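Contents: one structure, followed by commentary.
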There are 2 protein chains.
Amino acid sequence: MKRKITLKDIARELEVSISTVSKALKNSEEIGRDTKEKIQAFAKLYNYRPNNIALSLKNKRTKNIGVVIPDIVHYFFTTVFRGIEKYANQKGYNVIVCVSDESFDKEVINTELLANGSIDGFIMSLSAETQQKMDFHHLLEITEQGIPLVLFDRADDHVPCDKVILNDTEISYQAVNKFLANGRKHIALVTTESYFNVSAKRAEGYEAALSEAGIPIDPALKLILPYRDINENEIRQFFAATKIDAVLCVNEIFAVQCMAIVQKMGLKIPEDISFIGFTDGILSKFVQPTLTTIAQHGERMGEISAQMLIERIEIEMDVEKPYRTEIVEATIIERESTVN
Amino acid sequence: MKRKITLKDIARELEVSISTVSKALKNSEEIGRDTKEKIQAFAKLYNYRPNNIALSLKNKRTKNIGVVIPDIVHYFFTTVFRGIEKYANQKGYNVIVCVSDESFDKEVINTELLANGSIDGFIMSLSAETQQKMDFHHLLEITEQGIPLVLFDRADDHVPCDKVILNDTEISYQAVNKFLANGRKHIALVTTESYFNVSAKRAEGYEAALSEAGIPIDPALKLILPYRDINENEIRQFFAATKIDAVLCVNEIFAVQCMAIVQKMGLKIPEDISFIGFTDGILSKFVQPTLTTIAQHGERMGEISAQMLIERIEIEMDVEKPYRTEIVEATIIERESTVN
DNA sequence: ATGATTTACGAAAACGGTTTCGTGTTGATA
DNA sequence: TATCAACACGAAACCGTTTTCGTAAATCAT
């Protein structure tokens, strides 16, 4: 087993000082030709690489960024992650991932752990519980310590930091208008609890479009589902109880599950009932009929998040830079679940 | 902005030495009651936390593990990752993720970067290109440096290390036997290039079952698809050319795509043609008809991988411990694409 | 009162680098 | 020959910890 070689090893072996070795390997003008060549050759031979940890300690820069997300087995988050990882890697950063599992405590523990020097900055999307409790003390601590933070998608106005979010309200408004243009009158919304910021904004867009069309908001047309352990019967009852000819769902899974159920109830998609979901994931493309979805452009969101974060990391500390909120424009991808 | 406080800060403020502070915070018997209490109170007040980087340098332990996988927007890999992350986190380890994007070069660069002190061990699944080139020098370097390595799923016998793999051959054998038991005679295999180790093993099980049943292996019943950019026509031609009444697919996507195409060709599933895919992901559950799949138990694989890795990390270096290969037993999840 | 133990703390090395500054040697210049 | 700059290198500080060892003062036994 060949242990990693250090500057000290090279110095001892070549009978020079550690500083000489360090300088020689950086090709410093200070060191003579012969010595430099000798040291460089030796280093190459023994495949010397500087120790990252030592560098981090010295430079106060880890070249790591921390990503804290609620879930990893989740299409949208993985696409965002891919964007982050690609950009970060290209800029020489590594990515440490922690999964909060929608739990406030895990989110707190993970951030506090990483904040003790392990990373240069955070990219996060808030856990369900954090949004519900509206407790952001851990995030405020982070920013107060001067650690850059970017929130994406599930952000909150109470946290002063850079953000990357979707134009949720606007795109929902557009989606509902699309239903209206197709002559749909009984448009339902299938969503999650409203403490999810994004759900609230999507509901807002939904309601705005209806109001604008002079259609009253009917509570019977709104179904709130838990984000896990969905009860099929609840969905069945919802669709049985009221006449519905179009449905906007705040995610892909809700849409696909609803579609399967209404199909079993004998309805035709899109003739009798039309669907639009959020998250242009794998399901939307392969389910029957294929699902019209709102593409959130996760990879792009990740890229922008990483870019904003790294920019802030690498800026001089004394430069004042106001926080920005970048808005990514969603796109409606038309498929078979809506008529053109 | 409150910068992070260090031992030195506390020492200066309280007019004691750094060593005294360090010892007091570890509740050492060496330090007097009063001094200890004073220091501990001060540390609590200013929320002192030791710097992870400094600890890593001192202890030669980063408490980080590196995970290198070919793709992250991929159901199986994310479930494995979830297993890794859960177990690692619970053991106090963080996880650095690098995505090789099926590229040999990226895999090499990422591993070499992380190997310079950033992590205590690796968990990897080989990129397509690495398997094709059969070039494992970067992995050998890692193990020669004494850095623990666990390969999961896409492993290779040429790399001496711990491994966690699926009983691919056996479960494919069982799947084909299931088709045979249902009276299917023309059983196809839809797979990837054979340099994918797992595909080769799955083909082996497929062929073994057929041979045992006295059915000759017909090359026309084997379709090799690229792992991205699938051409639909190729699939259509394949199914048009030969009589096929059952199909084993080495992944979920292949299965779902084939199913959509044969349905368009007018075939009924499972009456006319039956399907079994690998990876019990989200698609299998929601596609119509639902897909019978082979569950790879990714989360469990991840957990085992993390456990094996951390065990080896924490073992005394001088203890000889032979490499193990842990085999995870797949399970066939029956759904509508096969008859019972 | 003297020597031996405790007690309670500090100095310093170590982890593996970078970087500033100092210094002995060389050759050129006045 | 005396002065001086350039050259080539080393010593040491520093990043933030932990830990070994040394030691002054206080306590104890004799």
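Below, chain A is the first sequence line, B the second, and so on; all start at residue 1. Treat the numbers as computed from the prediction; the structure is a model and nothing was measured.
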Got a list of side-chain donor-acceptor pairs under 3.5 Å for residues 13-20 of chain A, not counting sequence neighbours?
from: A:Ser17; atom 1: OG; to: A:Ser19; atom 2: N; distance (Å): 3.4
from: A:Ser17; atom 1: OG; to: A:Ser19; atom 2: OG; distance (Å): 3.2
from: A:Ser17; atom 1: OG; to: A:Thr20; atom 2: N; distance (Å): 3.2
from: A:Ser17; atom 1: OG; to: A:Thr20; atom 2: OG1; distance (Å): 3.0

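Under a 4.0 Å N-O distance rule, the pair A:Arg324/A:Asp162 does not qualify as a salt bridge.
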Is there any protein nitrogen or oxygen under 3.5 Å from a nitrogen or oxygen in nucleotides 23-26 of chain D, and what are the pairs?
none

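Listed by first and then second residue, the ring pair (Phe, Tyr, Trp, His ring centres under 6.0 Å) pairs that reach into residues 81-110 of chain B are B:Phe104-B:His138, sequence neighbours excluded. Evaluation of the ring pair (Phe, Tyr, Trp, His ring centres under 6.0 Å) test over residues 106-134 of chain A, restricted to residues two or more places apart or in two chains, returns none. Here side chain to side chain donor-acceptor pair (under 3.5 Å) pairs that include residues 53-69 of chain B, with residues two or more places apart or in two chains, are B:Thr62-B:Asp120. For residues 302-326 of chain A, no residue pair satisfies the ring pair (Phe, Tyr, Trp, His ring centres under 6.0 Å) rule, not counting sequence neighbours.
When the salt bridge (Lys or Arg N to Asp or Glu O under 4.0 Å) test is applied to A:Lys86, the partners found at least two apart in sequence or on another chain are A:Glu299. Partners of B:Arg49 by salt bridge (Lys or Arg N to Asp or Glu O under 4.0 Å), not counting sequence neighbours: none found. When the ring-ring contact (aromatic ring centres under 6.0 Å, His included) test is applied to B:Phe42, the partners found at least two apart in sequence or on another chain are B:Tyr46. Taking A:Phe196 as the reference, A:Tyr227 meet the ring-ring contact (aromatic ring centres under 6.0 Å, His included) condition, with sequence neighbours excluded.
Checking the phosphate oxygens (OP1, OP2) of D:dG16, no side-chain nitrogen or oxygen of B:Tyr48 falls inside 4.0 Å. Look at A:Lys8 and you won't find any side-chain N or O under 4.0 angstrom from OP1 or OP2 of C:dG17. Using a 4.0 Å cut-off, no side-chain N or O of B:Lys4 falls inside it from OP1 or OP2 of D:dG16.
In this pair, A:Phe77 and A:Phe152 present their aromatic rings perpendicular. The plane angle is above 60°, beyond the 30 to 60° band.
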Task: Per-nucleotide protein contact string for nucleotides 5-11 of chain C, where B marks a base within reach and S marks sugar-phosphate only (heavy atoms under 4.0 Å, - for neither) - done: ---BBBB
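Set against D:dT17, C:dT18, D:dG16, the side chain of B:Pro50 has D:dT17 as its closest nucleotide. Out of C:dG17, D:dT17, C:dG16, the shortest distance to the side chain of A:Leu7 is found at C:dG17.
The nearest heavy atom of DNA chain C to A:Asn51 and to B:Lys58 marks one nucleotide each, and the one closer to the 5' end goes with B:Lys58.
Two end axes, each from the C1' atoms of five base pairs, can be drawn for the helix from C:dA1-D:dT30 to C:dA30-D:dT1; they diverge by 80°, to 10 degrees.
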